[in-house]
Number of protein chains: 4
Amino acid sequence: MSDKRQDIARAAIEAFAERGFHGTAVPDIARRAGVGAGTIYRYFKSKEALVNELYREAKSALVMAVTQGFPPPGSSPRQQFAELWRRLARYVVENPKTFKFMELLHHAPYLDRESLAVEQRFFEFGEQFFAYTSGQQLTKSLPPATLIVFVWAAFVGMIKAGHEGRIDLTEQTIETFESCCWEAIRA
Amino acid sequence: MSDKRQDIARAAIEAFAERGFHGTAVPDIARRAGVGAGTIYRYFKSKEALVNELYREAKSALVMAVTQGFPPPGSSPRQQFAELWRRLARYVVENPKTFKFMELLHHAPYLDRESLAVEQRFFEFGEQFFAYTSGQQLTKSLPPATLIVFVWAAFVGMIKAGHEGRIDLTEQTIETFESCCWEAIRA
Amino acid sequence: MSDKRQDIARAAIEAFAERGFHGTAVPDIARRAGVGAGTIYRYFKSKEALVNELYREAKSALVMAVTQGFPPPGSSPRQQFAELWRRLARYVVENPKTFKFMELLHHAPYLDRESLAVEQRFFEFGEQFFAYTSGQQLTKSLPPATLIVFVWAAFVGMIKAGHEGRIDLTEQTIETFESCCWEAIRA
Amino acid sequence: MSDKRQDIARAAIEAFAERGFHGTAVPDIARRAGVGAGTIYRYFKSKEALVNELYREAKSALVMAVTQGFPPPGSSPRQQFAELWRRLARYVVENPKTFKFMELLHHAPYLDRESLAVEQRFFEFGEQFFAYTSGQQLTKSLPPATLIVFVWAAFVGMIKAGHEGRIDLTEQTIETFESCCWEAIRA
DNA sequence: GATGAATGAGGATTCATTCAT
DNA sequence: AATGAATGAATCCTCATTCAT
């Protein structure tokens, strides 16, 4: 008993991650998903709607994975930062295609307002965290936006380099990047 | 006396930067360049050849801008790092479309072996620098690849955040990121 | 207890009348009829079979409405002509969609032999009437086919003009057209 | 030296006349015209634009054929009516496909405002004529719209019957219909 | 050399029809 | 009997590439 919507979503994310939005043909997605081309249109209004729905779902899942039960009670901000990094890494290592998909589509012109709003909420969560740590003089007194940009940049770069084979995404490496990152932003 | 190849290259880079490879039509490039569609094929064998040549040229120009007359004689490694960061930033601020183009195309499946080789040389230059600084115990004793990945990640993330309006790409911000970055990697 | 075949027939006639044969999708008909798409194929072999059956039924109903109990005993040919005109008009005013449907499909390439035969019988009835009136020297000594063509043309044009809002289909107008028509063909 | 736009127009009119708008595939038109499918889109923005442009051109040509140098100087209204009828018939006999095309498309939902405006001007010309003749008490004192509707109905019905093989479109028949028509509307 | 009209393969999407439930 | 999800052929349209001028 297969869930066709699920099959299509998975196939589409893989295909988009590999070849981009315009580089991916709807019939290719259908073939990968093991469904007829027309079937995709029973679940998604159009190719654009498909990519937007998947983007929102992926981004929301990432936010969920990171924020669910966060912060762990009794943890220090430094520990919380480490926890965030670990959660992000775990999600991405477990869903490499989904992450590539999100990064490739990031800020693409075919993302609609709603998709961008989900993206925005993701950053706001980070900003709130750093607004707090900077208030506590644990991190540099820089705009929270600057801090989250730096941290996210380092994280994304690490993952991409891993996917490109430039570095090995071992737990060790991931921790190394995390501690570099903290040293970059700590007060 | 206009140089048509130059016109085409500029137009193509802009178009690719805005809409990606598959999202850009060759006739659109021709129109932007003010030439006939057929003319593009006098200078480039195909759309793929075009994008690959442009990618190599752009990456090479970036390498040139960064490595020309580097390191400044009598400068310390710390000063050299700052100089590298400044040169990268200057190039990117002066050629925003070209940078977007490079980042968008980065590791795309239509880049050929030769283009990837240019990319590789770019990273090798960074690795050599960090091999030296780490040898001097100025930067962490991590694989040079790890350091260059971190630094490049921070740089790219900063520029992209600037393009997306998430932060302001003032000299001040650029310097801030630079010093954060150094703190992240210094021994 | 709804008669599904009836529902489908009504829905199909309306849809075909509005958008034509090729412009109407079978699932649209199903939705309008309040049945599943597959159900249509329990009652009709195919879309073509559907349109042909409906066409024959509609044309037959029109013939019925006109010829049932015709001619009224003791009526003069002139009165009979008026009666025919009135019956046609009544049928059409009461079944506007059906008339539009018939006219739109008239002589379309997907009408099969049997449907055209029903069409043919309709004209033959008219020809017989005019063969008689011409024999009586009440109408012009023209081929009956010519007379029926003229009369039917005027009738159809009147109705269509009414549907298009070019004239008002009042009883008055209908009578006016009838008397013009008679003057056109009377001896 | 063939004019491709002309080829496409002719082919499209024939195809639309035979199978209707939705029943005609763009590649079919291309094949008939002896051009590539893509070529059609160099001359017409879309299938809808194509049908609308052709409709306007056809209707305008018909108006031209009828109104050019009309009325003949020194002719009586009765003669003028005959002349109109003759001109219409000549145009239609010489351009049978174009006439079928116009009639099939008449008041179709894909005709745009501009196309309907051309249609409107056609009827207005007729109304003006009958406003004059009725003013002269030569034709019945009925609304000009009613008269033009009647006459146009008879004309169209005659032509269609001819195309369907129901009557022969000889000069004789055409004249017969004309005189019937006049008798129908004369005062 | 330069052009841009022409092409047709390939793209997104629709829809008549089937069939498992 | 009735359904409507699933299909894939066929639709309209785009675009990389060619070639006559």
Side-chain angles (χ1 to χ4, degrees), chain A residues 1-2 4-5 7-8 21-31 33-50, chain B residues 2 4-5 7-8 21-31 33-51, chain C residues 2 4-5 7-8 21-31 33-51, chain D residues 1-2 4-5 7-8 21-31 33-50:
Chain A
M1 258 266 17
S2 71
K4 290 203 185 279
R5 205 202 108 104
D7 295 344
I8 293 165
F21 179 69
H22 291 298
T24 300
V26 173
D28 282 354
I29 297 173
R31 205 169 311 116
V35 304
T39 304
I40 290 179
Y41 291 86
R42 294 198 63 73
Y43 294 94
F44 303 94
K45 203 165 122 53
S46 67
K47 194 187 177 189
E48 282 215 5
L50 166 62
Chain B
S2 70
K4 286 194 189 291
R5 192 187 183 286
D7 294 343
I8 293 165
F21 178 68
H22 291 295
T24 300
V26 174
D28 276 359
I29 297 173
R31 203 170 311 115
V35 304
T39 305
I40 290 180
Y41 289 85
R42 292 223 142 265
Y43 294 95
F44 303 94
K45 197 165 147 338
S46 69
K47 194 187 180 188
E48 283 215 1
L50 166 64
V51 85
Chain C
S2 71
K4 288 197 187 285
R5 192 188 184 284
D7 295 342
I8 294 165
F21 178 68
H22 291 294
T24 300
V26 173
D28 277 359
I29 297 173
R31 202 170 312 117
V35 304
T39 305
I40 289 179
Y41 289 84
R42 292 222 142 267
Y43 294 94
F44 303 93
K45 196 165 145 348
S46 68
K47 194 185 178 190
E48 283 216 3
L50 166 62
V51 85
Chain D
M1 260 260 23
S2 71
K4 290 204 185 279
R5 204 201 110 103
D7 294 344
I8 294 164
F21 179 69
H22 291 296
T24 300
V26 173
D28 283 353
I29 298 173
R31 206 169 310 115
V35 303
T39 304
I40 289 178
Y41 292 88
R42 293 199 63 74
Y43 294 94
F44 303 94
K45 203 166 121 51
S46 68
K47 195 186 176 189
E48 281 214 5
L50 166 62

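Below, each value reflects all heavy atoms present in this structure, side chains not excepted, and no hydrogens, waters or symmetry copies. The chains referred to below are lettered A, B, ... by the order of the sequence lines, with proteins before strands, and numbering in each begins at 1. As the structure is a computational prediction, the values presented were derived from the model and not from experiment.
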| query | So what does Tyr43(A) touch, heavy atoms closer than 4.0 Å: a base, only the sugar-phosphate, or nothing? | reply | sugar-phosphate
Q) Between Arg5(D) and Ile8(D), is any pair of side-chain heavy atoms under 4.5 Å apart? A) no
Using residues 38-48 of chain B as the side-chain source, report each donor-acceptor pair under 3.5 Å to any protein atom, sequence neighbours left out, with the distance given to one decimal.
unit_1	atom_1	unit_2	atom_2	d
Thr39(B)	OG1	Gly36(B)	O	3.4
Ser46(B)	OG	Glu48(B)	N	3.3
Ser46(B)	OG	Ala49(B)	N	3.1
Lys47(B)	NZ	Phe21(B)	O	2.9
Lys47(B)	NZ	Thr24(B)	O	2.8

Between NZ of Lys4(D) and P of dA6(E) the distance, given in whole Å, is 6 Å
Secondary structure of DNA chain E per the Watson-Crick/G-U criterion (both distances under 3.5 Å; [ ] crossing, | other strand, . unpaired) is .||||||||||||||||||||
Tightest non-hydrogen contact, residues Ala37(C) and Ala30(C), listed as CA-CB, 3.6 Å
Taken to the nearest whole Å, CZ/Arg42(B) to C1'/dT3(E) is 10 Å
Separation of dT7(E) atom P from Ile40(D) atom CD1, nearest Å, is 10 Å
When rounded to whole Å, the CZ to C1' distance for the pair Phe44(D) and dA6(E) reads 15 Å
Whole-Å distance, Arg31(B) CZ to dC15(F) C1', equals 11 Å
**OP:** Answer yes or no: is there an ion pair linking Asp28(D) with Arg31(D), defined by an N-O contact shorter than 4.0 Å?
**Re:** yes
message: Within the 4.5 Å heavy-atom criterion, are Val26(B) and Leu50(B) side-chain neighbours or not?
response: no
Ile8(B) atom CD1 is separated from dG4(E) atom C1', nearest whole Å, by 14 Å
Per-nucleotide protein contact along nucleotides 12-21 of chain E, 5' to 3', at a 4.0 Å heavy-atom cut-off (B base, S sugar-phosphate only, - neither), is SBB-SBB---
